[in-house]
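Written out below as structure tokens is the structure these notes cover.
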Amino acid sequence: MPVSVLIVDDSPIARKMMRRSLPPDWDITIQEAVDGAQAIDIYRKGGVELMFLDLTMPNIDGYGVLEILQAEGLNCIVIVVSADVQPQARARVLAMGAIAFIPKPVNPEGLQEVLRQYGILV
Amino acid sequence: MNKGLSEDQTDALQELANIGMGQAGDSLARIWKEFVHLSIPKIAIVDASRLPALIHGFVGDTAVSASRQAFHGGFRGEVLVVVSAKDRNGLANLMGYEGQLDSVEREEVLLDIVNLLGGACVGGIAQQVNAEIGFSAPSLIGEDIDPLDVIHPDQLAIDKALSLEVCFQVENRSLTAHLVILLPNNEVGALAELLDQFLCTL
């Protein structure tokens, strides 16, 4: 059964970079959202298992998305992928329910390590 | 959106600048010991003749301080940082200066800012497109000057400029810094080629 992945980023290039960073032989289906509001819409339809979430976005930023997900029970795994690499940003999103913080540009090996660490990739 | 870069190239440049500014925000947060909120960088290629109006549009009818730093290598140009005069003391305080600053200290603050923001942004872009780049020493354009006097297009040997607007906000205060990257005409092409090579890797 493929893993349902949602990539959330306002930058089309960042979404491409994210896709390119995913393990090539990983059995997944990928949806994309261009901002936080669209991400919430897709999440509420159900089925999203893993969300790669940018922080700095229009129409609900990444923090706003995490707040809403928490209020609604956080029924998916969230990995934040952001250029905002301040330690406070990392601490804040982990406290809000994200399981990991990956700095941009994404290092594919580092990403795979995180996915294995949490048993998402076997 | 412009004659200099395609939509894909502009998207790529925006994301690469975003990554560079994220690193700048981290550097500022470590110096300031405060969490820094970053805006989404706004990027545009503009006619050089429009630069004075553009800078006026950033800050409005207020005096500004500005500094500049040249860069060279895989692509060359100059980065300008403009801050409104009302933000200058706040910046100085965050950077560890206290009390009334003398002219040397005020200049140091402005040179530090262009060094940090320009280096992070242009350096971040260059690193991601695999271009070697070096920086000259920063210099002061002026303090408490009219925003229309920061750039005199008739003194520039360029037709186009890359404008990058980014805001940094710290808790309880708003500090806004504006970056403008000046690229000679042929250098926009050089940057476009580097961006194409980057896009081919995606």
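Proteins get letters first, then strands, A, B, ... in listed order; numbering begins at 1 in each.
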Can you tell which part of [X] gets under 4.5 Å to a heavy atom of chain B, answering side chain, backbone, both or neither?
X: P87(A); answer: both
X: R92(A); answer: side chain
X: D10(A); answer: side chain
X: P105(A); answer: both

Next on the checklist: What residues of residues 15-25 of chain B make heavy-atom contacts with chain A at a cutoff under 4.5 angstrom?
Outcome noted: E15(B), N18(B), I19(B), G22(B), Q23(B), G25(B)
Checklist entry - Do any of residues 190-202 of chain B have a heavy atom less than 4.5 Å from a heavy atom of chain A, and if so, which, in residue order? => result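 Result: F198(B), L199(B), T201(B), L202(B).
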Checklist entry - Nearest heavy-atom pair of D84(A) and V36(B): which atoms, and what distance? => result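 Closest approach of D84(A) to V36(B): OD2-O, 4.2 Å.
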Item to check | Atom pair NE2 (H37(B)) and CD (Q86(A)), whose distance is rounded to the nearest 0.5 Å | outcome: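 Between H37(B) NE2 and Q86(A) CD, I get 8.5 Å after rounding to 0.5 Å.
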Checklist entry - Considering residues, nucleotides and ligands other than Q117(A), do more than 12 of their heavy atoms fall under 6.0 Å from its CD? => result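 Yes.
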Item to check | Counterpart residues, salt bridge (charged side-chain N to carboxylate O under 4.0 Å, His left out), relative to E143(B) (two or more places apart) | outcome: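 R88(B), R106(B).
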Next on the checklist: Counting only non-hydrogen atoms closer than 4.5 Å, can you tell me which residues of residues 20-38 of chain A sit against chain B?
Outcome noted: R20(A)
